[in-house]
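Notes follow once the structure below has been shown.
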Amino acid sequence: MPGIVLVGAQWGDEGKGKATDLLGAQVDYVVKFNGGNNAGHTVVIGGQTYALHLLPSGILTPNVIPVIGNGVVVDLEVLFKELAALEARGIDTSRLVVSANAHLIPSYNRTLDKVTERFLGKHQIGTTGRGIGPTYADKMTRVGLRVQDLFDRPILRQKVEGALMQKNHLLVKVYNRRAIAVDEVVEELEAYADRLRPMVADTALELNRALDQGATVLFEGGQATMLDVDHGTYPFVTSSNATAGGACTGTGVGPGRIDRVIAVVKAYATRVGAGPFVTELDGTDGERIREIGHEYGVTTGRPRRCGWYDVPVARYAARINGVTDFVLTKLDVLTGWDKVPVCVAYDVAGTIHRELPVSQTDIHHARPVYEYLSGWDQDISSARSFAELPPNAQAYVKAIEELSGARISVIGVGAGRDAVIQRHSLIGP
Ligand code: GDP
Ligand code: IMO
Ligand code: MG
């Protein structure tokens, strides 16, 4: 089973880091294919908590080769800080491989991300302010800087000059900021070149060769389906393809090599930043989920918006990604409710939608249609088999499995590496 894609089904923070870690030693490579340090993955191993942003979660597993694919945007300062922090905790990071074609996040794009958000006022997206949007925009308008440019001085300077010709006009004339000097940017980036050089490779070649030889490669998506720039709730999305298709463009591995698509889905829903969220809870239930589920951003510390499980979103994720298996996380957080609402459809001005409406306006105006499932009181965090779950928790899992369009193969009942119930293997048949 060589090519496995793992993505988020909702708005991010589903527990992708933990799911990747769970596959751990069964895979040879973990490749990050999109996004950058806007991601925040918490992985808990033996009581130790690791927060990863830019690095693939596979970096925590001995012998796995972690890869930053061409679809990722790399902030070099963050990369080296994160590597140093892991090294200081005894994690061997020497296996990391970085694509020569990945784009760099120059400091001016962090500045631009923040000033454009401020400029948007009440229309802002609520970005993480890490320069992600401006860097992907540069990639598309062909003024981006790539990892390989660091090793060709004249080219790096030429590209920075070209980019700043536009950026400085914007910064000075529109946003009233100071102009940025070419030398400043070139020096800042070149300072990392020697340390980066040994990690840089033709990752597409390496991954394809590894697959030829029967290696198992896990493609790890950042963000999630509803934050995908094409398939999410545009414009309230991130600027990359976080869905399964992004695994191919973001790594240079063809679709025929993907055997399995795993989507991680929370037993409820959360969202950080602006944008429509049909099952969002404003009152005490939302606060209760936030407190029990520790729903605060790993990257920005912002409280996450919380709501009930949204079937139209899960079905959409199953379809857009071609999901073969769901990993259902945080079922333990739902312990203690009398009734657990599940949104089975949207009501848009009297019309019932069982699938996600095509019009963004309809999504903004949709009201959730709930089915109320019976809750459970028993602590489920030590359950390790499906049969050990209380009957109502089993019924909840079966009900959302039936509705969501793919089997639920793993159930998370706690943050720790071992706090899972395996129903089907994620790698074997
Ligand atoms: P990611 O961005 O998708 O990797 O997810 P985050 O790490 O941002 O957020 C998921 C959070 O839920 C992390 O703090 C995990 O440790 C935690 N988590 C993952 N699975 C479970 C679970 O089954 N139960 C509980 N209680 N916590 C979980
Ligand atoms: P992980 O990988 C949750 C959200 C931001 C904002 C929007 C655009 O941990 O699931 P950006 O900085 O990417 O331009 O912000 O996307 N966002 C995330 N929300 N989890 C993430 O990553 C996110 N990455 C970006 O909050 O609404
Ligand atoms: Mg996260």
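Order of appearance sets the numbers: ligands from 1, and atoms from 1 within every ligand. Computed from a predicted structure; not experimentally measured. Each residue takes its place number in the sequence, starting with 1.
- Put simply, the residue from Val73, Thr128, Ile132 that forms a side chain to side chain contact (heavy atoms under 4.5 Å, CB included) with Asn37 is Ile132.
- Gly414 O, 3.1 Å is the protein heavy atom nearest to atom 22 (C) of ligand 1.
- Side-chain atoms of Glu401 and Tyr396 form no donor-acceptor pair, as typed in the model, at a separation below 3.5 Å.
- Under 4.0 Å from ligand 1, the heavy atoms of Val413 that appear belong solely to its backbone.
- Proximity of Thr42 to ligand 1, defined as any heavy-atom pair under 4.0 Å, is shared by backbone and side chain alike.
- Across the listed options Thr49, Asp332, Leu22, Asp332 owns the non-hydrogen atom lying nearest to atom 26 (N) of ligand 1.
- Atoms of ligand 1 found under 4.0 Å from any heavy atom of Gly40 (numbered from 1 in listed order, with element): 1 (P), 2 (O), 6 (P), 7 (O), 8 (O).
- Among all non-hydrogen protein atoms, the one lying nearest atom 10 (C) of ligand 1 is Asp13 O, 3.6 Å.
- Among protein heavy atoms, the minimum distance from atom 1 (P) of ligand 1 is reached at His41 ND1, 3.3 Å.
- Atom 3 (O) of ligand 1 has its closest protein heavy atom at Lys16 N, 2.7 Å.
- Considering His294, Lys18, Lys330, Arg304 only, the shortest heavy-atom separation from atom 17 (C) of ligand 1 involves Lys330.
- Checked options Arg304, Lys330, Arg271; the residue passing with Asp13 is Arg304 (criterion: side chain to side chain donor-acceptor pair (under 3.5 Å)).
- At a cut-off of 3.5 Å, with distance as the only test, no side-chain donor of Thr279 or Asp310 sits close to an acceptor on the other residue.
- Here the rule is side chain to side chain contact (heavy atoms under 4.5 Å, CB included) with Pro276, and of Asp362, Ile363, Thr361 only Ile363 fits it.
- Electrostatic pairing of Arg384 and Glu388 does not count as a salt bridge here, judged by no charged N lying under 4.0 Å from a carboxylate O.
- When each atom of ligand 1 is checked for a heavy atom of Val298 under 4.0 Å away, the hits are 8 (O).
- Side-chain N/O atoms of Trp376 and Thr335 include a donor and acceptor closer than 3.5 Å.
- When only interatomic distances are considered, the shortest N/O to N/O separation between Ala419 and ligand 1 does not fall below 3.5 Å.
- Distances shorter than 4.0 angstrom do not occur between any heavy atom of Gly12 and any atom of ligand 1.
- More than 12 heavy atoms of other residues, nucleotides or ligands shown are found within 6.0 angstrom of OH on Tyr175.
- The number of heavy-atom neighbours closer than 6.0 Å to CD of Glu402, taken from other residues, nucleotides and ligands shown, is 12 or below.
- Where the criterion is an N or O separation shorter than 3.5 Å, residue side chain and backbone included, Gly15 meets it with respect to ligand 1.
- In this structure, Asp230 places its CG atom where more than 12 heavy-atom neighbours from other residues, nucleotides or ligands lie under 6.0 Å away.
- Not a single N, O or S atom of Lys16, from either the backbone or the side chain, sits less than 2.8 Å from the Mg ion (ligand 3).
- Note: Leu218 CG to Lys32 NZ = 13.0 Å, rounded to the nearest 0.5 Å.
- Ring orientation note: the planes of Phe80 and Tyr192 are close to parallel, at an angle under 30° on the 30°/60° scale.
- Residue-level check: among N/O/S atoms of Asp13, OD1 sits closest to the Mg ion (ligand 3).
- When all heavy atoms of Gln10 and Lys266 are compared, the pair lying nearest together is OE1-N, 2.8 Å.
- Taking a 4.0 Å cut-off on heavy atoms, Gly8 fails to register as neighbouring ligand 1.
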List, for ligand 2, each N/O atom that has a protein N/O partner under 3.5 Å away, with both atom names and the distance.
from     : atom 1 : to     : atom 2 : distance (Å)
ligand 2 : 2 (O)  : Gln223 : N      : 2.9
ligand 2 : 9 (O)  : Asp13  : OD1    : 3.0
ligand 2 : 9 (O)  : Gly40  : N      : 2.9
ligand 2 : 9 (O)  : Gly40  : O      : 3.0
ligand 2 : 10 (O) : Asp13  : N      : 2.9
ligand 2 : 10 (O) : Lys16  : NZ     : 2.7
ligand 2 : 12 (O) : Thr128 : N      : 2.9
ligand 2 : 12 (O) : Thr128 : OG1    : 2.6
ligand 2 : 13 (O) : Asn38  : ND2    : 2.9
ligand 2 : 13 (O) : Thr238 : OG1    : 2.6
ligand 2 : 20 (N) : Asp13  : OD1    : 3.2
ligand 2 : 20 (N) : Asp13  : OD2    : 3.4
ligand 2 : 24 (N) : Gln223 : NE2    : 3.2
ligand 2 : 26 (O) : Gly126 : O      : 3.4
ligand 2 : 26 (O) : Val272 : O      : 3.2
ligand 2 : 26 (O) : Arg302 : NH2    : 3.0
ligand 2 : 27 (O) : Val272 : O      : 3.1

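- A donor-acceptor distance shorter than 3.5 angstrom exists from the side chain of Asp228 to the backbone of Ala242, with no hydrogens or angles considered.
- For ligand 1, the polar-atom distance check against Gly17 finds a nitrogen or oxygen pair separated by under 3.5 Å.
- With a 6.0 Å cutoff to the six-membered ring centre and a 45° limit on the axis angle, Arg288 counts as a cation-pi contact of Trp337.
- For ligand 1, the atoms sitting less than 4.0 Å from at least one non-hydrogen atom of Gly412 are 23 (O), numbered in the order shown with element in parentheses.
- Not one N or O of Leu331 is nearer than 3.5 Å to an N or O of ligand 1, by distance alone.
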